[in-house]
Structure formats: C-alpha cells, structure tokens
Amino acid sequence: MQKIKVSELFYSIQGEGRFMGVPSVFLRTFGCNFTCDGFGMPKGIKSDERNIIAQHADQYKDYKSLPLVTTGCDSYASWDVRFKHLSPLLTIDGIVDAILRMLPHGKWTSEHLVITGGEPLLGWQKAYPTLLSHKDMVGLEEITFETNGTQELSKDFSEYLKTHWRKGWDRLTFSVSPKLSVSGEKWEDAIKPNVIMQYQEHGYVYLKFVVANEIDVAEAAMAVECYRVNGFTGPVYLMPVGGVESVYAMNNKNVALMAMKKGWRYSDRLQVPLFKNEWGT
Ligand code: SF4
C-alpha cells in the first residue's frame, strides 16, 4: 500500500492565488528541496529562528503547539527533519478516511484539494495516482499543486495525469511560487522554465512571487521574462511577504500597488488576517 508522510491535513479556506476563498482540503506533504532562510532577513543573512525552536523539537507533540516564525520559511516543520516526528506516514486509505471526515457533507461536493508542502512534487508523486484514483475521491473536481516549480513531473505521474485525470486541463492547477533572492535561494536552483513548461502541458499554471519591495519586483520581472521566452502563458501574481500579521500588514497595500503598476494580479494571504496563519489553517 502506498504511503505519504503527512505534515498536515486540514480543511480551510484557500487564502492565496487563483482560488482565494474556495473551501479546500490541504494535504501538506513532508520534505522540501529548499530552506528559504532568507525570508524577512537583510540580504545575505539567514534566519536562525527555526534552529532556535529546533533545540527543543522533541518537546513539541503536534503542529498546533509549534511557534510561528517571523523570518525564514513559515512551514519549516514540514521539511526540517528535526520535526519529522510530527508528520506520520499515512496509508492512502488513512488519508482518504481523514479527508471524508473533515468534508462538510462527508464526501467531495464543490471543495478543492490543495496538495502543498514542503515541496509536494518530490518523491510523493509516486503515491498520487493511488490517492486520486481512490473510489472515495471520485467526486473531487479540482486540484492545485502548490510548488516551488523546480521538480519535474515523473514519467509515470505525467502519464497518469494525461490518461486518467479526466476533469479537464484547467481543473488541474500548478500554483508555482518561484523563489527569488529574498528567500535566500540561488537563481540557478530556483528558476526552472523547462519545469514550468512541462506543468503547462498538464494543467493551468500561474506564477506567484512573494515580494517585499521594488527590488524583489524587478527580480520577479526578470524571472517572468525568462519564463515567457520559454513559452509560459499564464498569469502572474505578487503576494506580500509576511507569515505573521505585523509583517503582512506592513507590506500588503504596497504590494497591491506594485502589482497594479505591472499589470499583474495581487494575491492576498487571507489565512493571516483570518486565522493568524496558525498551523492547520
Ligand atoms: S520552498 Fe516553500 S516550503 Fe520549501 S523552504 Fe521554501 S517556502 Fe518553505
């Protein structure tokens, strides 16, 4: 039986991007190829917040008890191995049972499935066909993969999507959040136009850049150009830095204005003002 190491599985409102406001089940898989320790830090300096929290990692028994961070990756426990005891390895049957229990009508009606991370397109791709073909998943009409856009679809998963995902091209969304230098990751590791072009063959793709200022927006524009010359046709969103309300509130209006100036879309992070971005929201 296929299994997935699950960091979080919860029902909430999608707070970002194309499906902002849509009731969604979030399946957060464990593992990421990045650390994004640069978010919220002066250029070239890495956040140490998760390392400080990790000194007492074994004291935390569930995600709800974990501290939120103001710098670095706000979902750090979904990939940092020091927190892996919080993420059980679940069978597909176990995951589907848990999903049915959280859906308001006990089955899929109009809700959306968001497969997120960490980076959900790492090794777990091999388990998704079993998950998506499960008999109790037939009512599911729309999926989003929230990805950093660096992982190619495997041959098997690509084949599965092309031959078995019959709900329609635009019912499969790749919400790609390429990491700019504000994240601390390197351009050559983060900006992968060929990967995005592969996603575009399978579904609707949009880019969502997390930015704080005009320097980040200029870098986003360079990345967009790079994707466009390779054939990317989807929309571009700017989303404010800020996993906690104080940082988000400092940035959101300015980012909306910068998006307007570029003719790009603005993505809020509704989970911050609505739910304080707590784990499980
Ligand atoms: S890619 Fe996403 S999940 Fe991975 S470290 Fe960066 S912000 Fe966190």
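One-based numbering, in listed order, for ligands and for the atoms of each.
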Say whether Asn148 and Thr150, considering side chains only, have a donor N or O and an acceptor N or O under 3.5 Å apart. yes
Under 2.8 Å from atom 8 (Fe) of ligand 1, is there any N, O or S atom belonging to Cys73? yes
NZ of Lys5: more than 12 outside heavy atoms within 6.0 angstrom? yes
Once the angle between the rings of Tyr206 and Tyr237 is folded into 0 to 90°, is it parallel (under 30°), tilted (30 to 60°) or perpendicular (over 60°)? tilted
Part of Thr35 with heavy atoms under 4.0 Å of ligand 1, whether side chain, backbone, both or neither: backbone
Tell me, please: is Lys179 in heavy-atom contact with ligand 1, that is, under 4.0 Å? yes
Give me the nearest non-hydrogen protein atom to atom 4 (Fe) of ligand 1 as residue plus atom name, then the distance to 0.1 Å. Cys32 SG, 2.3 Å
Per-atom filter on ligand 1: closer than 4.0 angstrom to a heavy atom of Gly118 are 3 (S)
When you look for heavy atoms under 4.0 Å from ligand 1, do you find them on the side chain of Trp79, its backbone, both, or neither? side chain
Phe34 heavy atoms, cut-off 4.0 Å: which ligand 1 atoms fall inside? 5 (S)
Just checking, is any N or O donor in the side chain of Thr109 or Glu111 under 3.5 Å from an acceptor N or O on the other one? yes
Does atom CE of Met102 have more than 12 heavy-atom neighbours, drawn from other residues, nucleotides or ligands, at distances under 6.0 Å? yes
Does Cys36 bring an N, O or S atom to under 2.8 Å of atom 6 (Fe) of ligand 1? yes
Quick one: do the Thr71 and Glu49 side chains pair a donor with an acceptor below 3.5 Å? yes
